[in-house]
Amino acid sequence: MAGWAIAVHGGAGVDPNLPQHRQEEAKRVLARCLDIGISALRSSLPAVDVVELVVRELESDPVFNSGRGSALTEKGTVEMEASIMDGEGRRCGAVSGVTTVKNPVSLARIVMDKSPHSYLAFSGAEDFARLHGVEVVDNDYFITEDNKGVLKLAKEANTIMFDYRIPTLVPDTCAASVENPLLMNGLPINLYAPETVGCAVVDGQGRCAAATSTGGLMNKMCGRIGDSPLIGAGTYACGLCGVSCTGEGEAIIRGTLARDVAAVMEYKGLGLQAAVDFVVKERLDEGKAGIIAVSRNGEVACGFNTNGMFRGFATEGGFMEVGIW
C-alpha cells in the first residue's frame, strides 16, 4: 500500500477582500482538522471513521457553513444536510432538512449503518435521530449573529434579482454588498457563505471514504436540497478514490461531479489529479465549484474554478498543505 492520505475543505468561492484575520482563522481550523485526521489515521482508524470524525469537528466550529454557523433559510432558520460514503462496498448514508441534530454527518453515518435506507430527510430524519439517541439541540444553537447580518444583506440583494442568479440594478440600500462583481449562487461574493465542508480519506489499507456537510445557501428557500447529501454529486467513494465537492450545488448536481471523478479514472484511465481537472473543466458548464479527492494509492488532489477554495491536505509521506487561493 502507498500509505494514507487526507484532504479537507471548507467551501469554494472566497471573497477576495476577506480580512486577513478571517483567512488565518479559517486556515487554523483546517490545520486543526487535518491534525485530528492524521492522528486517527496513525492510530489505524478506518477511512470511514476518519471522515466522520473530521467533518464532526468542522460542523462544531462556526467558521464554516455546516452545523453551528450554517447558512440561514429565507425564514432565518437552519436546515442542514450531510452524506457519508464508504468506498468499501460503496455503502452510503445521507440526511437533509435536519434542524436540531448537532452533527448531521453522524446521523448520515447511522442511516448508513443502522437503517435499510440510504437517505432520510426532514421529519423522518429527525425522528430517526431521536430513535437512535443522537444528540439534538435547539435550532438557535446553529445560528450566529454574523449570519443574521448576512441574511439581511442577502435579502436586500435578492430584492434586486431578475432571477436567482442575475442582479439587474443596484439600489443604495445594498450598494456596499455589490461593490464586488464576483458572484456565487447569484449573490455577490461578499454575501456568499462557502456552502460546504468535506473530507476525503484513504487509510493505510487502501480503503477510501468521503463525507460532506452543509447548511446550504444563504437565504435559500425552505426545503431546498443541494448537492452535499446527494451521493454521486457532492460525495462519492469507491475502490479507486474518495471525493467531496463544494460550490454551486445545482451545477454540481447536473454534472454528477463526485461520481464523474471516479468514472473518468475507471473508464478513461486518468490519474487522480487529471480526473479532477477534467471534471472541473468539462462537467460544470458555466457553474462554479471545487473538488478534493484522494486515491487508493495515497494521492491527494484538488481543483476549482472559483476565486479560491478553503482546503488542506496531508499524506503519510510527510506532505502537508493548507491554502485558500
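In this text the structure is predicted, and so the values were computed from the model without any measurement.
- Nearest heavy-atom pair, Ile225 versus Ile253, reported as atom, atom and distance to 0.1 Å: O-CD1, 4.3 Å.
- Residues that satisfy the ring-ring contact (aromatic ring centres under 6.0 Å, His included) test with Phe304, not counting sequence neighbours, are absent from this structure.
- For the pair Asn65 and Ala71, the tightest heavy-atom approach, listed with the atom from each and the gap, is OD1-N, 2.7 Å.
- His9 contributes atom NE2, which lies 12.0 Å from atom CZ of Phe310 (distance to the nearest 0.5 angstrom).
- Residues Val95 and Val101 form no side-chain contact, since every pair of their non-hydrogen atoms from C-beta on lies 4.5 Å or further apart.
- Here Arg224 pairs with Glu250 in a salt bridge; the nearest charged N to carboxylate O distance falls below 4.0 Å.
- Listed for the Glu59 side chain is a donor-acceptor partner under 3.5 Å among the backbone atoms of Val105.
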How far apart are the C-alpha atoms of Met112 and Val48, what are their side-chain angles, what is the distance that settles it, and do they pass the side-chain contact (heavy atoms from CB on, under 4.5 Å) test? CA-CA 11 Å; Met112 178 176 75; Val48 69; 3.9 Å; yes
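- Within a 6.0 Å radius of CE in Met320, other residues, nucleotides and ligands contribute more than 12 heavy atoms.
- Contact between Ala200 and Gly242 at its shortest, heavy atoms only, is CB-O, 3.5 Å.
- The shortest side-chain heavy-atom distance between Ser295 and Val202 does not fall under the 4.5 Å cut-off.
- You'll find the side chain of Val78 reaches within 4.5 Å of the side chain of Ile143, heavy atoms only.
- With Asn147 contributing its side chain and Gly69 its backbone, the two residues share a donor-acceptor pair below 3.5 Å.
- With hydrophobic clusters built from ILVMFWY side chains whose heavy atoms lie under 4.5 angstrom apart, Ile292 does not share a cluster with Val54.
- Shown are Gln205, Arg207, Glu88; of these, the side-chain contact (heavy atoms from CB on, under 4.5 Å) with Pro46 is made only by Arg207.
- Residues Ile231 and Ile84 fall into different hydrophobic clusters, defined by Ile, Leu, Val, Met, Phe, Trp and Tyr side chains chained together at heavy-atom separations under 4.5 Å.
- Looking at heavy atoms from C-beta onward, Phe319 lies in side-chain contact with Val300 at the 4.5 angstrom threshold.
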I would like to know whether Arg91 and Asp113 meet side-chain contact (heavy atoms from CB on, under 4.5 Å); could you show each step before the answer? CA-CA 9 Å; Arg91 301 184 311 124; Asp113 288 344; 2.8 Å; yes
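- Met221 and Leu153 fall into different hydrophobic clusters, where Ile, Leu, Val, Met, Phe, Trp and Tyr are joined by side-chain heavy atoms under 4.5 Å apart, directly or via other members.
- At least one side-chain heavy atom of Cys222 sits less than 4.5 Å from a side-chain heavy atom of Glu74.
- How far CZ of Arg56 is from SG of Cys199: 14.0 Å, rounded to the nearest 0.5 Å.
- The CG atom of Leu230 sits 5.0 Å away from atom OH of Tyr119, with the distance rounded to the nearest 0.5 Å.
- In plain terms, the two heavy atoms of Val243 and Ala293 that are nearest each other are CG2-CB, 4.1 Å.
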Go through the steps to decide whether Asp203 and Leu45 satisfy the test side-chain contact (heavy atoms from CB on, under 4.5 Å), and finish with yes or no. CA-CA 8 Å; Asp203 61 28; Leu45 260 66; over 6 Å; no
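- Residues Lys220 and Glu79 are in side-chain contact: their nearest non-hydrogen atoms beyond the backbone lie under 4.5 Å apart.
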Where do Thr306 and Val14 land on the side-chain contact (heavy atoms from CB on, under 4.5 Å) test, with the steps shown first? CA-CA 8 Å; Thr306 57; Val14 184; over 6 Å; no
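- Side chain of Asp15 to main chain of Asn17: a donor-acceptor pair is present (N/O by atom type, distance under 3.5 Å, no hydrogens or angles).
- In this structure, Glu81 contributes its side chain and Gly216 its backbone to no donor-acceptor pair below 3.5 Å.
- When side chains are defined from C-beta on, Tyr236 does not count as touching Asp260, because their heavy atoms never get closer than 4.5 Å.
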Dump the intermediate steps for side chain to side chain donor-acceptor pair (under 3.5 Å) on Thr235 and Thr212, then the final yes or no. CA-CA 6 Å; Thr235 304; Thr212 312; 2.6 Å; yes
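- Between atom SG of residue Cys302 and atom CZ of residue Arg311 there is a gap of 5.0 Å, rounded to the nearest 0.5 Å.
- Shortest non-hydrogen contact noted between Val294 and Ala5 is CG1-O, 4.1 Å.
- Considering only heavy atoms from C-beta on, Phe64 comes within 4.5 Å of Leu30 through its side chain.
- With salt bridges taken as basic N to acidic carboxylate O contacts below 4.0 Å, one links Glu156 and Lys152.
- To the nearest 0.5 Å, atom OG1 of residue Thr99 and atom CG of residue Asp138 are 10.0 Å apart.
- One N or O on the side chain of Asn305 and one on the backbone of Gly287 form a donor-acceptor pair closer than 3.5 Å.
- Tracing side-chain contacts under 4.5 Å through hydrophobic residues (I, L, V, M, F, W, Y), one never reaches Phe122 starting from Phe142; they form parts of separate clusters.
- In this structure, Asp61 contributes its side chain and Val63 its backbone to a donor-acceptor pair below 3.5 Å.
- Applying the salt bridge (charged side-chain N to carboxylate O under 4.0 Å, His left out) definition to pairs two or more places apart or across chains, those involving residues 97-107 are Lys102-Glu135.
- A donor-acceptor contact shorter than 3.5 Å links the side chain of Ser83 to the backbone of Ser228.
- With values rounded to the nearest 0.5 angstrom, His21 atom NE2 is found 7.0 Å from Glu25 atom CD.
- Under the 3.5 Å distance criterion, the side-chain polar atoms of Lys288 are left unmatched by any main-chain donor or acceptor of Asn307.
- Looking only at distances, no side-chain donor or acceptor of Gln273 sits under 3.5 Å from a matching main-chain atom of Ala301.
- Screening residues 40-52 for side-chain hydrogen bond (donor to acceptor under 3.5 Å, both in side chains), with sequence neighbours left out, gives Asp49-Arg109, Glu52-Ser106, Glu52-Arg109.
- Side-chain N or O atoms of Asn297 include none that pairs as donor or acceptor with a backbone N or O of Ala2 at under 3.5 Å.
- In terms of heavy-atom proximity, Leu53 sits nearest to Ala40 at CD2-CB, 3.9 Å.
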